[in-house]
J.: 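Handing you this structure, nothing more for now.
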2 protein chains.
Amino acid sequence: MPTDETPDIECAVFHLRKTTRTITQLYDEVLRPTGLRSTQYSILRIVSNLGPFTVNELGTTMGMDRTTVTRNVRLLERMGHLRIEPGDDRRTRRVRLSARGRSAVEKTQPYWEQAQAILVGGLGDKRWQKLRNELTAIVNVGRKELDKRADTR
Amino acid sequence: MPTDETPDIECAVFHLRKTTRTITQLYDEVLRPTGLRSTQYSILRIVSNLGPFTVNELGTTMGMDRTTVTRNVRLLERMGHLRIEPGDDRRTRRVRLSARGRSAVEKTQPYWEQAQAILVGGLGDKRWQKLRNELTAIVNVGRKELDKRADTR
DNA sequence: CTTTATTACGTGTATATACTCTCTTTATGC
DNA sequence: GCATAAAGAGAGTATATACACGTAATAAAG
């Protein structure tokens, strides 16, 4: 059962979820030797590039529910990749990369590049850049509506 | 914390997962009165439009692992939306919509249309059509690579 | 300065996801 | 025909995800 064309379905969330499932499987497969899953590497990369973060900030950056961040981050802390320190305020916690986490990101980088090369290579760099922009655009559409609905409540 | 721009990150799987999280939240929010989640409605819709399916076929169509199909379908069976019958072969099972499932799809349709309208309306129909095609394209890129790797093993 | 609202975060629960391993059934080789 | 391979599916386990609810700390109102 090789590559089947996705049938005539308009539903946006269906296409997005199907695509994300498939591409996550690809990245997970390529990253497998590193012991990091796609989401885990994403979190470490984001924290590495833009951190440190509070739990809330990380959630906003990743479009991820706060409580999901808590659990994902806890896992990475147990693996020794992240450190979770008290924040400025006694309510907040500061999530930052550990030395081990930094090393893991470096070691994983070439595998990530390989996966990225397969995908971007298969689509073409220009098309990927455009796609990336469109993804950002619909995130903003969705985010805006969700924020609007949250305000009403 | 309103709509924040996704920072300068190239990683494809990060953008896809972030987008899918956000859009799933939107659809789930709009679908909430119906009691169906995004994935559940997607499965019912697919089975309704293209079914019946074996577990494997449904997995292929949705880019979903076979074992995930088993569990998702079981849930919908317990809700009374799907029926799971023996297939042509004593190995296979046939997944089809029940009368109740058909009714649920119909009742849910206007909510789905509302969510879809928010998204497609926010992006523009032309851009959405293009985006949809690009999503299909990268699914095929990913699928092809995954199949290649599966053959080697 | 006390009451009240807001902010930041965690737990309980349920769905979504996929890999590994195993079982049963069908197809293939000889 | 029988041994072996392949196909279809489920169970065990682990991660990913988010909503409802609860708690502690800070900010705002008076």
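Note on naming: letters A, B, ... go to the chains in the order of the sequence lines (proteins, then strands), and numbering restarts at 1 for each one. Quick caveat, the model's predicted, so the values are computed rather than measured.
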J.: For the pair made of CZ in B:Arg149 and P in C:dC19, what is the distance, rounded to whole Å?
T.: 13 Å
J.: Once side chain to side chain contact (heavy atoms under 4.5 Å, CB included) is applied, do any residues pair with A:Gln116, and if so which ones, sequence neighbours excluded?
T.: A:Tyr27, A:Trp112, A:Val120, A:Trp128, B:Glu10, B:Ala12
J.: Below 4.5 Å, heavy atoms only, C-beta onward: do B:Val141 and B:Glu145 meet side chain to side chain?
T.: no
J.: What is the separation between atom CD on A:Glu57 and atom P on C:dA8, rounded to the nearest whole Å?
T.: 9 Å
J.: My understanding is that only residues two or more places apart in sequence, or in another chain, count here; which of them pass side chain to side chain contact (heavy atoms under 4.5 Å, CB included) with A:Thr92?
T.: A:Thr54, A:Asp89
J.: Separation of A:Leu146 atom CG from D:dT17 atom C1', in whole Å?
T.: 15 Å
J.: Which is more 5' along DNA chain C, the nucleotide nearest A:Asp28 or the one nearest A:Thr70? Just name the residue.
T.: A:Thr70
J.: Look for any protein N or O under 3.5 Å of an N or O in nucleotides 1-7 of chain C and output each such pair with its distance, or none.
T.:
| unit_1 | atom_1 | unit_2 | atom_2 | d |
| --- | --- | --- | --- | --- |
| C:dT7 | O2 | A:Arg91 | NH1 | 3.0 |

J.: Consider the side chain of B:Arg32, meaning its heavy atoms from C-beta on, and name the nucleotide among C:dT26, D:dC19, C:dC19 that approaches it most closely.
T.: D:dC19
J.: With no hydrogens and no angle check, is any side-chain donor or acceptor of B:Thr60 less than 3.5 Å from a backbone partner on B:Asn56?
T.: yes
J.: Heavy atoms within less than 4.0 Å of DNA chain D: which residues of residues 80-89 of chain A have one? Give them sorted by number.
T.: A:Asp89
J.: Round to the nearest Å and state the distance from A:Leu31 atom CG to C:dA18 atom C1'.
T.: 15 Å
J.: Will you find, in the side chains of A:Lys18 and A:Thr22, an N or O donor that is under 3.5 Å from an N or O acceptor?
T.: no
J.: Could you pull out all residues at least two apart from B:Asp88 that satisfy salt bridge (charged side-chain N to carboxylate O under 4.0 Å, His left out)?
T.: B:Arg94
J.: Determine, step by step, whether B:Leu146 and B:Arg143 satisfy the side-chain contact (heavy atoms from CB on, under 4.5 Å) criterion, reporting the C-alpha distance in whole Å, the side-chain angles of both residues, the deciding distance to 0.1 Å, and the verdict.
T.: CA-CA 5 Å; B:Leu146 286 166; B:Arg143 195 64 264 154; 3.6 Å; yes
J.: Is it the case that the side chains of B:Ser48 and B:Arg102 hold a donor-acceptor pair, with the cut-off being a distance below 3.5 Å and no angle test?
T.: no
J.: Could I get the full list of side-chain hydrogen bond (donor to acceptor under 3.5 Å, both in side chains) partners for B:Glu85, not counting sequence neighbours?
T.: B:Arg83, B:Arg96
J.: Check side chain to side chain contact (heavy atoms under 4.5 Å, CB included) between A:Ala117 and all other residues, then give those that pass, not counting sequence neighbours.
T.: none
J.: In chain order, what residues pass the salt bridge (charged side-chain N to carboxylate O under 4.0 Å, His left out) check against B:Arg37, with sequence neighbours excluded?
T.: B:Asp28
J.: Less than 4.0 angstrom between a side-chain N/O of A:Arg74 and OP1 or OP2 of C:dT11, yes or no?
T.: yes
J.: May I have the distance from A:Leu36 (atom CG) to C:dA18 (atom P), rounded to whole angstrom?
T.: 19 Å
J.: Scan nucleotides 13-17 of chain C against the protein and return all N/O pairs shorter than 3.5 Å with their distances rounded to 0.1 Å.
T.:
| unit_1 | atom_1 | unit_2 | atom_2 | d |
| --- | --- | --- | --- | --- |
| C:dT15 | O4' | B:Arg37 | NH1 | 3.4 |
| C:dA16 | O3' | A:Arg17 | NH2 | 2.9 |
| C:dT17 | OP1 | A:Arg17 | NE | 3.3 |
| C:dT17 | OP1 | A:Arg17 | NH2 | 2.9 |
| C:dT17 | OP1 | A:Arg21 | NE | 3.0 |
| C:dT17 | OP1 | A:Arg21 | NH2 | 3.2 |
| C:dT17 | OP2 | B:Asn72 | ND2 | 3.1 |

J.: Short of 4.0 Å, heavy atom to strand atom, which residues of residues 92-108 of chain B count as contacting DNA chain D?
T.: B:Thr92, B:Arg93
J.: Round to a whole Å and report the spacing from CZ of A:Arg66 to P of C:dT11.
T.: 11 Å
J.: Could you check whether B:Arg17 and A:Ser42, counting side-chain N and O atoms only, form a donor-acceptor pair closer than 3.5 Å?
T.: no
J.: What nucleic acid atoms does A:Thr54 come within less than 4.0 Å of, heavy atoms only: base, sugar-phosphate, or nothing?
T.: sugar-phosphate
J.: Kindly write out the residues that satisfy side chain to side chain contact (heavy atoms under 4.5 Å, CB included) with A:Glu113, not counting sequence neighbours, or none if the list is empty.
T.: A:Gln109
J.: Just to be sure I understand the rule, does B:Arg90 reach a base, reach only the sugar-phosphate, or reach nothing, if contact means heavy atoms closer than 4.0 Å?
T.: sugar-phosphate
J.: Using atom types as modelled, flag every donor-acceptor pair under 3.5 Å from a side chain in residues 67-79 of chain B to any protein atom, sequence neighbours excluded.
T.:
| unit_1 | atom_1 | unit_2 | atom_2 | d |
| --- | --- | --- | --- | --- |
| B:Thr67 | OG1 | B:Asp65 | OD2 | 2.6 |
| B:Thr70 | OG1 | B:Arg66 | O | 3.3 |

